Amino acid sequence: MNKTKITLQSVAIAAALCATASATAQTKDTNVYDEKVVVVGSFNPVLQNADKVNVAPSINDTATMTPEYNYSIESRRIYSLYIPENIKPARLNRERTTKLYHNYLKLGFGNYCTPYADLYYNSTRSRDLNYGARVFHQSSWWTLKDYGKDYSSNTEVDIFGKKLWEKNSLSANIFYNHDYYLYYGFTDSLWQTFVPAADPQTADYSQYFNTLGLKANFRSTNVDFNTLNYEGNLAITNQRDKYGSNEFRTSIDADAHYGFAFWGTEKQIVGLQLQFDYYKNSGDSTLFPMQNIDTLINHNATMQNFSGNTAIFAAQPYFLFKAFGFKMNIGLKFAYINTDGFKLFPNITASQTLFNDILHLTVGLNGDYIHNSWERLRTENPFVGPRCDIANTSFTKLFGEAKFNFTKKFNVRAGVSYTLYKQLPFFMIDTFYSLNNVYKTLYNDANQLNITLGAAYHLDERLSFGLTGNIYSYKMKDGILENPLYKPKWDLFVNASFNYNNKFYARLETGLIGKMEGLQRVGNILQTDEISMKYGIHLNVEYRMNKVLSFFADLDNVAYQRYYFWTNYPSKRIQFLIGATYTIPEK
């Protein structure tokens, strides 16, 4: 009886399988069978074991207003010592697809006659292709009593795209930037001293930069440690100013690394980074001196045609090691610079986590070089003169840091570093210009001691708070300068952000910067200029009426201070900008 029963069950199962196979075959021929079967049952989605990073979620809103800063950041991928651990599977609730908002228009206006416009467009949802464009403009037309006019504007156009394949991705963008401002750091009385019969015209002391560039990135998308991963970057830029100073740059860098495991589940990485930078600088003397202020320049000095180039080759093998909570990055950078010869820089960082992730210690010895291009120098000091001296800065830094995670929401950190600089750039007033409103570069060896303290509190998406302070001490080596110019002895920055019900956002930033020492010219003599401590308060608020329309207000220098970063260049007092953002959802 038992054998007969088993046989009948087997026949029933086999018949069911055959019926299923037959139905599957029929669905392939739409002319024969086209029936849909809906199976209703409980759904229990569970993520499989995977490497995950335990971080708090954050909102990435492209329409968020940020303060105006005149600097650029060149991104370069850095591989962290951190390797995420496996965590338990998490349950997910079924979610509907989020509606995309792929473009927005942001308009604003502020005091000092400050128009603001930001137009952004991005392609709609796609698995393998993304592209878009952005057009940005902000300007200010300000007249300061007893000083030259401070007009400035910045216009940017950026077209970008990214293509994804199964194992690789390619992204690129073409951009144009126009940056315009005035050397307004002179008094009316000083102008009348040299040109008593004429009023100053903005064309007489203006400067602008046109920058055109292309950037591209090709990288592997496989995150598996046990395969070869790679990345390559290309950047080509050309910058030209009003007075014929031209800087052309070509930059190529690449990284390849391979991961492997030993000692149980520990994962290690070995890799190689390659880098090539080429700068070609030239200057046309027919466009110099400045157009209508020949009388304001010492006629005994002349500006010749200029041409020069800097080529930098670098290679750095590295090894990222991890075992028993100890992590170490060991690298050695070999560099050849055509103007300075061969250089060797260490890159060693070690970290250890103690007491169940409460204390995190890091020590290291790093070194590198910095090419002080015209773009970099004018970004640090926009009032530096055309065709200023350029040089390479090299440094070696010994540092240590301790971070205390008292809770998941509150941590405190402290660090100290000692850096040896070769050819560190400083700025001083160029006596070539009689108005005392243009700076030149000076290079001096220096050692810097930096002590930093900080704290951060993150309640959740609603409230966060941060504090960072630094103390700086310089020891000037043999050279031109006895004391560091325009370098603060200390600084302190505090920021806080608040989010109420995803409707009202506010961010407060305050900064205090200690005294600095500069140089000013009195007659034909350069004298010390002590620049007092300064503090500023920046407040940004935004109200989102809905997902389509929001309003913002941005206030800078709320304390109504008149401070100086550079001798003869007073700042604006309180500035405000108000406006609205309109977004268009995907159809």
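Predicted model only: the values in this text are computed from it and were never measured.
A side-chain N or O of N217 and one of E231 form a donor-acceptor pair less than 3.5 Å apart. Side-chain atoms of D340 and N392 form a donor-acceptor pair, as typed in the model, at a separation below 3.5 Å. For the residue pair N372 and T393, a side-chain donor N or O sits within less than 3.5 Å of a side-chain acceptor on the partner. No side-chain N or O of N499 forms a donor-acceptor pair with one of E461 less than 3.5 Å apart. Counting only N and O atoms by type, the side chains of S140 and S152 include no donor and acceptor under 3.5 Å apart. With no hydrogens or angles considered, no side-chain donor-acceptor pair links H538 and N540 at under 3.5 Å. Side-chain atoms of D529 and Q527 include no donor-acceptor pair closer than 3.5 Å. One side chain, R387 or S245, offers a donor N or O that lies under 3.5 Å from an acceptor on the other. Side-chain atoms of N470 and T452 include a donor-acceptor pair closer than 3.5 Å. A donor-acceptor contact closer than 3.5 angstrom links the side chains of N122 and N130. No hydrogens or angles considered: a donor-acceptor pair under 3.5 Å links the side chains of D277 and S251. No hydrogens or angles considered: nothing links the side chains of E247 and N238 as a donor-acceptor pair under 3.5 Å. Side-chain atoms of N173 and D158 form a donor-acceptor pair, as typed in the model, at a separation below 3.5 Å. Side-chain polar atoms of Y180 and N210 form no donor-acceptor pair below 3.5 angstrom. Side-chain contact annotation: N450 with Y418, donor-acceptor N/O pair under 3.5 Å absent.
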Practice item. Start with the C-alpha distance between K397 and S417, add both sets of side-chain angles, then the distance that settles side chain to side chain contact (heavy atoms under 4.5 Å, CB included), and finish with yes or no. Key: CA-CA 7 Å; K397 179 171 69 173; S417 67; 4.0 Å; yes

Practice item. Test Q273 against D253 for side-chain hydrogen bond (donor to acceptor under 3.5 Å, both in side chains), laying out the working first. Key: CA-CA 7 Å; Q273 292 180 344; D253 67 83; over 6 Å; no

Point to revise | Stepwise side-chain hydrogen bond (donor to acceptor under 3.5 Å, both in side chains) test for Y486 and T567 | key: CA-CA 9 Å; Y486 302 102; T567 299; 2.7 Å; yes

Exercise for review: Mind running side chain to side chain contact (heavy atoms under 4.5 Å, CB included) on D146 and T187 for me, showing each step along the way?
Suggested key: CA-CA 6 Å; D146 299 328; T187 60; 5.6 Å; no

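Checked against ring-ring contact (aromatic ring centres under 6.0 Å, His included), Y121 has the following partners two or more places apart in sequence or in another chain: H102. Residues passing the side-chain hydrogen bond (donor to acceptor under 3.5 Å, both in side chains) test with N444: none are found, sequence neighbours excluded. Annotation: ring-ring contact (aromatic ring centres under 6.0 Å, His included) contacts of H137 (sequence neighbours excluded): none. Applying the side-chain hydrogen bond (donor to acceptor under 3.5 Å, both in side chains) test to N557 and every residue at least two apart in sequence or in another chain returns nothing. Every residue was checked against the side-chain hydrogen bond (donor to acceptor under 3.5 Å, both in side chains) condition with N495, not counting sequence neighbours, and none meets it. Remark: E530 pairs with K515 by the side chain to side chain contact (heavy atoms under 4.5 Å, CB included) rule, at least two apart or across chains. Judged as a side chain to side chain contact (heavy atoms under 4.5 Å, CB included), and not counting sequence neighbours, the contacts of L212 are Y176. Considering only residues two or more places apart in sequence or on other chains, H371 meets the ring-ring contact (aromatic ring centres under 6.0 Å, His included) condition with Y279. Residues forming a side chain to side chain contact (heavy atoms under 4.5 Å, CB included) with V494 (at least two apart in sequence, or on another chain): F465, L467, T510. By the ring-ring contact (aromatic ring centres under 6.0 Å, His included) test, F136 is found to be paired with Y116, residues two or more places apart in sequence or in another chain being considered. By the salt bridge (Lys or Arg N to Asp or Glu O under 4.0 Å) test, D368 pairs with K333, sequence neighbours left out. Residues satisfying the side chain to side chain contact (heavy atoms under 4.5 Å, CB included) criterion with A335, sequence neighbours excluded, are A314, K343, F345, Y369.
Taking both residues in full, the closest heavy atoms of P425 and Y443 are given as CB-CE2, 3.6 Å, listed atom of the first, atom of the second, then distance. Of all heavy-atom pairs between D389 and T441, the closest is O-OG1, 2.9 Å. Of all the heavy atoms in G514 and P488, the pair that sits closest is O-CB, 4.1 Å. Nearest heavy-atom pair, W142 versus P570, reported as atom, atom and distance to 0.1 Å: CH2-O, 4.1 Å. For the residue pair E542 and S550, the shortest heavy atom distance occurs at OE2-OG, 3.3 Å.
Y151 does not carry K149 over the face of its six-membered ring by the limits of under 6.0 Å from the centre and within 45° of the normal. By the 6.0 Å and 45° rule, R544 does not stack over the aromatic ring of F504. By the 6.0 Å and 45° rule, K409 does not stack over the aromatic ring of Y457. Annotation: cation-pi pair K534/F565 present, NZ/CZ under 6.0 Å from the ring centroid and within 45° of its normal.
Contact of the I429 side chain with the V438 side chain is not registered, since no non-hydrogen atoms from C-beta on lie closer than 4.5 Å. A heavy-atom distance below 4.5 Å is not found between the side chains of Q561 and I537. Looking at L555 and Q575, their side chains never come closer than 4.5 Å, going by heavy atoms from C-beta outward. Proximity of L481 to L442: side-chain heavy atoms (C-beta onward) are separated by under 4.5 Å at one or more points. In this structure, the side chains of N347 and L332 stay at 4.5 Å or more apart for every pair of heavy atoms.
Shown are F383, Y181, F186; of these, the ring-ring contact (aromatic ring centres under 6.0 Å, His included) with Y205 is made only by F186. If you run side-chain contact (heavy atoms from CB on, under 4.5 Å) between Y183 and each of Y439, Y569, Y433, only Y569 comes through. Checked options Q207, Q239, R378; the residue passing with D179 is R378 (criterion: side chain to side chain donor-acceptor pair (under 3.5 Å)). Of the listed residues (F552, F551, Y120), just one forms a side-chain contact (heavy atoms from CB on, under 4.5 Å) with T581, and that residue is F552.
Remark: E156 CD to T211 OG1 distance equals 10.0 Å, nearest 0.5 Å. One finds the CD1 atom of I337 at 5.0 Å from the CD1 atom of I312 (value rounded to the nearest 0.5 Å).
Atom CD1 of I159 has 12 or fewer neighbouring heavy atoms from other residues, nucleotides or ligands inside a 6.0 Å radius.
Aromatic pair F209/W374: ring centres not closer than 6.0 Å.
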